[in-house]
2 protein chains.
Amino acid sequence: MSIPDKEITIYDIAKALNISAATVSRALMDHPSVNINTKAKVQEAAKSMGYRSNQMASNLRKRKSNIIGIIVGNLNSSFMSNVIAGAEKVLSEAGYNLIISQSLDNVSKEINIAQAMYNNRVDGLLVSLAYETENADHFESFVKRGIPLVYFDRVWPHPKCPGIEIDNVKAAYDITEHLITQGCKRIAHITAFKISSVAADRFTGYKKALEDYNIPFNESLVIKTDLTMNAGIDAAHQIMNMEERPDAVFVTNDACAVGCMQETKKFGIRIPQDIAFAGFNNDTEASIIEPNLTTVNYRGDIMGEEAARILIDRINNASAAAQPAKKIMQKSEIIIRDSSVKRK
Amino acid sequence: MSIPDKEITIYDIAKALNISAATVSRALMDHPSVNINTKAKVQEAAKSMGYRSNQMASNLRKRKSNIIGIIVGNLNSSFMSNVIAGAEKVLSEAGYNLIISQSLDNVSKEINIAQAMYNNRVDGLLVSLAYETENADHFESFVKRGIPLVYFDRVWPHPKCPGIEIDNVKAAYDITEHLITQGCKRIAHITAFKISSVAADRFTGYKKALEDYNIPFNESLVIKTDLTMNAGIDAAHQIMNMEERPDAVFVTNDACAVGCMQETKKFGIRIPQDIAFAGFNNDTEASIIEPNLTTVNYRGDIMGEEAARILIDRINNASAAAQPAKKIMQKSEIIIRDSSVKRK
DNA sequence: ATGAAAGCGCTAACAT
DNA sequence: ATGTTAGCGCTTTCAT
């Protein structure tokens, strides 16, 4: 038949079996107090009649959407794909569905997404902020209504919202230190236009390392961009036009680092001999570009799983949710590759 | 207050304003027949009372979830990120929310996702199949209930489901022809284990080009893999172990091509002189690897927008949905880069 | 072990 | 222009 048939409800099953809808509902949920025979009959009837449970109705009644929202800057990185795979694994096992949205690192889009997710009454939220985002007021409505929110990677400090991230200060310190021990003295840093907490932490680590090694911090070596690959190309031009060129560049993400490296090479600059490079994230591109890019690595899948677990815990556990949120530091490591090793 | 307050409903607003809930509902939806003053009063009250519309209830009542499901193999590519950005743009303008899931190119996961989306009563579905998928039975329930489904990129031919894709046969033909005109005679082809319609089309294009140029098709030059980057590494070993090595490799996607190229280079093989390479998709990696990878390019954002538009049309338009679904061919182009150009 | 009945929060005839 | 009323399909007390 070409006209779609009417939706089959539990009432239809109830009528067919001459029992009440309540029993059907219970049987379908495998409620312990339903007779095993009835259960079997119901399940069979459901199958043969083509019944499909209507989540919308169930959700409304239970006042629970069974949906977790996840907001990220951009889906386009192996890191994010892994985070999502990890989160999805844990959440789907716990019976949740996922609504994923990318803000494209744009604050107003992030605000709209947050609104839509609120109206859909998500049961919880996993958020990695846009690079642009400078405050998290648009998530206050969730906090107010007691809807758990867990930040990951690009986090916002909030007494009620746990955040899982890496020690950005330390990782940036380590990588800067590495560049210094390779003999670099003029280390440029490419960071975000609007400095979010993550970019700020990395900037801090960079400055701290310089300080510890008695290298004066030089504002003119700091380049602010939107951290896209194209921005990296522009940054390369800025570097080429500097009166005194840097001997190393530490970029706060890999995408931008790769763009910058590629463009720099076009000027005949040798990497790492003339300018060493380091990035952040260990995206796939980092081990494809030549020379391979030194960077900071951390596991997206683990971060996603962990964030999801914390979130579920807060959803199920009012007492867990009531506790002050703590920051969780996930381990990270710097991966030294040829882009930064100045052999004799 | 720390305990979340009770949810504010239209009844609360109605009571506060001494009007009926129906009027509140209408005012909130900006229904034309509501007095402009009442509208203003309602909107103000809603704001001051902290009212947030409950989509779950609205959805149930309207029997419309306002949700579009989108299923892809993997989110981790610039192409997919662009498709999603394109689709999201069109869909959010039309008032829809998106549930995105990645099958990780695994059929059983794809089946589960389809189930969950059905139960959530998505209003429509955008699907790019897993590489593994060999039939689309798990989407029949949508078709039966008249829920519009539009395939994109990795499509399945179905009389009721439009598909938007590129001419894979032609693109593969063109790229193979290009390799032939560069003087290649032994062209290997790396394709999927389970040959889906997309991989099959590309395989067909490859064979057709060989035939037209009187190069006998050689089964031993066909390598079947799961098309990941790691699979490309394995494929490189297979190639190195061949008694008579190929002088070109056409891989059915870029990720696998890049893995294969990198590993091949480690054997001291010169690209393109010893072995030329070509991929498919124009992922970011293709223009990062050295030499840059010849590939097939097509716009993800446009594909996403177009697929979304067709879907919305079918949702709003029973007559559009009733028409036999046509295939839409989006334009694509081959991008010739250094990985395949054998200069004199 | 099962049923009756109420209601989640909203919208849409149908009245007025 | 507004109100009345009846559900959307499900779950869950409270009875029995």
Side-chain angles (χ1 to χ4, degrees), chain A residues 4-43 45-46 49-67 95 97 118-123 145, chain B residues 4-43 45-46 49-67 95 97 118-123 145:
Chain A
D5 348 82
K6 200 197 149 300
E7 181 128 336
I8 305 290
T9 72
I10 51 170
Y11 283 94
D12 299 317
I13 299 179
K15 202 176 293 173
L17 259 42
N18 233 297
I19 55 177
S20 79
T23 304
V24 175
S25 173
R26 291 193 192 98
L28 256 15
M29 310 172 71
D30 208 29
H31 188 102
S33 80
V34 176
N35 182 296
I36 189 141
N37 297 316
T38 339
K39 234 178 236 180
K41 262 193 289 182
V42 169
Q43 259 134 21
M49 296 172 72
Y51 170 80
R52 297 298 232 96
S53 110
N54 186 325
Q55 281 276 1
M56 289 193 282
S58 167
N59 293 344
L60 175 60
R61 175 60 230 243
K62 295 204 256 189
R63 314 170 102 247
K64 195 170 183 303
S65 66
N66 248 284
I67 293 176
N97 292 116
Y118 187 99
N119 286 352
N120 275 284
R121 296 294 191 272
V122 293
D123 292 336
R145 279 213 48 72
Chain B
D5 348 83
K6 202 197 149 298
E7 182 126 337
I8 306 287
T9 72
I10 52 171
Y11 283 93
D12 299 317
I13 299 179
K15 203 177 292 172
L17 260 42
N18 233 295
I19 55 178
S20 79
T23 303
V24 175
S25 173
R26 291 193 194 100
L28 256 15
M29 310 172 71
D30 209 28
H31 187 104
S33 79
V34 176
N35 183 297
I36 189 144
N37 297 316
T38 341
K39 235 180 236 178
K41 262 193 290 183
V42 169
Q43 260 135 20
M49 297 172 71
Y51 169 81
R52 297 300 231 97
S53 110
N54 185 326
Q55 280 275 1
M56 289 193 282
S58 167
N59 293 343
L60 175 60
R61 175 60 230 242
K62 294 206 256 191
R63 315 169 103 249
K64 194 169 182 307
S65 66
N66 249 284
I67 293 175
N97 292 115
Y118 187 99
N119 287 352
N120 274 286
R121 296 297 191 272
V122 294
D123 292 336
R145 279 214 48 73

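The shown structure was predicted, so the numbers you read here are calculated from the model rather than taken from an experiment.
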Integer-rounded Å distance: [N] [atom2] and [X] [atom1]:
X: I13(B); N: dG9(C); atom1: CD1; atom2: C1'; answer: 12 Å
X: L60(A); N: dG9(D); atom1: CG; atom2: C1'; answer: 9 Å
X: R26(A); N: dG9(D); atom1: CZ; atom2: P; answer: 20 Å
X: I10(B); N: dT4(D); atom1: CD1; atom2: P; answer: 14 Å
X: K15(A); N: dT2(C); atom1: NZ; atom2: P; answer: 20 Å
X: N59(A); N: dC10(C); atom1: CG; atom2: P; answer: 15 Å
X: N119(A); N: dG9(C); atom1: CG; atom2: C1'; answer: 13 Å
X: I8(A); N: dC8(D); atom1: CD1; atom2: P; answer: 14 Å

Would you say [X] reaches [N]'s phosphate, i.e. side-chain N/O to OP1/OP2 under 4.0 Å?
X: S20(B); N: dG3(D); answer: yes
X: T9(B); N: dG9(C); answer: no
X: S25(A); N: dT12(D); answer: no
X: S33(A); N: dT2(C); answer: no
X: Y11(A); N: dG3(C); answer: no

* How close do A21(B) and A14(B) get, heavy atom to heavy atom, and via which atoms? ->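 Closest approach of A21(B) to A14(B), heavy atoms only: N-CB, 3.7 Å.
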* Asked: Does N120(B) reach the main-chain N or O of V122(B) with its side chain, forming a donor-acceptor pair under 3.5 Å?
  ->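 Between the backbone of V122(B) and the side chain of N120(B) there is no qualifying donor-acceptor contact (under 3.5 Å).
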* Asked: Could E7(A) and R145(B) be called an ion pair, given the rule that one side-chain N must be under 4.0 Å from one carboxylate O?
  ->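 Yes, this pair counts.
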* Identify, between L28(A) and V34(B), the residue whose nearest nucleotide on DNA chain D lies closer to the 5' end. =>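 Per heavy-atom nearest nucleotide, the more 5' residue is V34(B).
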* Mapping T23(A) and A57(A) to their closest nucleotides on DNA chain D, which lands nearer the 5' end? ->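 Nearest-nucleotide comparison on DNA chain D picks A57(A).
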* To do: Assess whether atom NZ of K64(B) is packed by more than 12 heavy atoms of other residues, nucleotides or ligands within 6.0 Å.
  =>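 It does: K64(B) NZ has more than 12 such atoms within range.
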* Side chains of V24(A) and Y51(A): closer than 4.5 Å at any heavy-atom pair? ->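 V24(A) does not reach Y51(A) side chain to side chain.
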* What nucleotide among dG9(D), dA1(C), dT12(D) has an atom nearest to a side-chain atom of A22(A)? ->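 For the A22(A) side chain, the nearest candidate turns out to be dT12(D).
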* Asked: The side chain of E7(A) lies closest to which of these nucleotides: dT2(D), dA5(C), dG9(D)?
  ->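 Of the candidates, dG9(D) comes closest.
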* For the side chain of R63(A) and the base of dG7(C), is some donor closer than 3.5 Å to an acceptor across the two? ->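 Answer no: no donor N or O sits under 3.5 Å from an acceptor.
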